[in-house]
There are 2 protein chains.
Amino acid sequence: MLKELDPLLHSQLRLAIVSALMTAEEAEFTWLQAQTGATAGNLSVQLNKLKDAGYIEIKKSFRGNYPQTLCIMTKLGKEKFKAYVEALKEYLNYK
Amino acid sequence: MLKELDPLLHSQLRLAIVSALMTAEEAEFTWLQAQTGATAGNLSVQLNKLKDAGYIEIKKSFRGNYPQTLCIMTKLGKEKFKAYVEALKEYLNYK
DNA sequence: TTATTAGGTTTATATTATAAAGTAGTCTAT
DNA sequence: ATAGACTACTTTATAATATAAACCTAATAA
């Protein structure tokens, strides 16, 4: 039987977020929005889901006068992503 | 920006179905159920979605006295699966 | 002959994703 | 100094999707 695909990561937007964070290490809300093409609302919701699960950390501060939301992968998040990729390979006929 | 992930294929169960059919060429309902671990109801629904989209063909007949549902990938389905795999790779940090 | 099993489908419910609307504050031009 | 537009989000409502429960029809077993 095939491995389960972590439902938290098996979502186009959350996968795009995590994918971006895996290479960028750290990213702002607005940058993530531009990268993914998501609406702010959708992005906000999905970031919070990832945060609640402990996959990312969210740091809120100010850049100048404006609020700034920084997102960073946690150790757990990185592990989960790697496990997800491994599980996924089983589905893609990688011999 | 990342490619879109075909929502019809980006579902654990439908992906498992299509993945199995890509190698098996042809498979029975009951075999797919055993392979995927899905309930019959869920499998029935997802197979019909794939059929409605033209990704698979469903042939109904009888084996002995019992009904038999055979599933086969269509040309379109195979193409869509390959495109999905290509799109997905962008998300998985494959350099 | 009733009751259990095979092989499904249909319908209802729970979950998830997405969009619309709202919040709080800032900048800009008049 | 203030109306209007903009930044950077969050919350809430709605649409889409997945899953489970219930149902169906016929076959076989006790």
Inset, instruction - Would you please name every residue forming a side-chain hydrogen bond (donor to acceptor under 3.5 Å, both in side chains) with A:Thr69, sequence neighbours left out? - result: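 A:Thr69 satisfies side-chain hydrogen bond (donor to acceptor under 3.5 Å, both in side chains) with A:Lys60 once adjacent residues are dropped.
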
Inset, instruction - With sequence neighbours excluded, tell me which residues meet side-chain hydrogen bond (donor to acceptor under 3.5 Å, both in side chains) with A:Glu4. - result: none

Legend entry - Criterion salt bridge (Lys or Arg N to Asp or Glu O under 4.0 Å) on B:Lys3 and B:Glu86, from CA distance to verdict: CA-CA 9 Å; B:Lys3 282 183 195 139; B:Glu86 284 314 305; 5.9 Å; no

Does this structure show an ion pair linking [X] with [Y], if we count only N-O contacts that are shorter than 4.0 Å?
{"X": "B:Lys82", "Y": "B:Glu79", "answer": "no"}
{"X": "A:Glu25", "Y": "A:Lys78", "answer": "yes"}
{"X": "A:Lys59", "Y": "A:Glu26", "answer": "no"}

Taking [Y]'s backbone N and O only, do any of them form a donor-acceptor pair with [X]'s side chain (distance below 3.5 Å, no angle check)?
{"X": "B:Asn48", "Y": "B:Ser44", "result": "yes"}
{"X": "B:Tyr91", "Y": "A:Ile17", "result": "no"}
{"X": "A:Thr74", "Y": "A:Tyr55", "result": "yes"}

Inset, instruction - List in numerical order all residues of residues 60-68 of chain B for which some heavy atom is under 4.0 Å away from an atom belonging to DNA chain D. - result: B:Asn65, B:Tyr66

Legend entry - Those residues of residues 7-15 of chain B lying under 4.0 Å from DNA chain D by at least one heavy atom: B:Ser11, B:Arg14

Inset, instruction - List the steps, then state whether side-chain contact (heavy atoms from CB on, under 4.5 Å) holds for A:Leu47 with A:Leu32. - result: CA-CA 10 Å; A:Leu47 285 176; A:Leu32 281 173; 4.1 Å; yes

Inset, instruction - Strictly below 4.0 Å, heavy-atom distances to any atom of DNA chain C: list the hits from residues 28-42 of chain B, or just say none. - result: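 Listed by number, they are B:Phe29, B:Thr30, B:Ala40, B:Gly41.
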
Figure out the [atom1]/[atom2] separation between [X] and [N], and round it to whole Å.
{"X": "A:Gln46", "N": "D:dT10", "atom1": "CD", "atom2": "C1'", "answer": "13 Å"}
{"X": "A:Leu47", "N": "C:dT16", "atom1": "CG", "atom2": "C1'", "answer": "16 Å"}
{"X": "B:Leu43", "N": "C:dG8", "atom1": "CG", "atom2": "C1'", "answer": "10 Å"}

Inset, instruction - Give a yes or no on whether A:Leu8 and B:Leu88 share a hydrophobic cluster (residues Ile, Leu, Val, Met, Phe, Trp, Tyr; joining criterion: side-chain heavy atoms under 4.5 Å apart). - result: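 Same cluster: A:Leu8 reaches B:Leu88 through Ile, Leu, Val, Met, Phe, Trp or Tyr contacts under 4.5 Å.
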
Inset, instruction - Spell out, yes or no, whether B:Leu70 and B:Phe29 are grouped together once hydrophobic residues are joined by side-chain heavy atoms under 4.5 Å, including indirect joins. - result: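 Hydrophobic grouping puts B:Leu70 apart from B:Phe29.
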
Inset, instruction - State, to the nearest 10°, the angle formed by the axis through the first five base pairs of the helix from C:dT1-D:dA30 to C:dT30-D:dA1 and the axis through its last five. - result: 20°

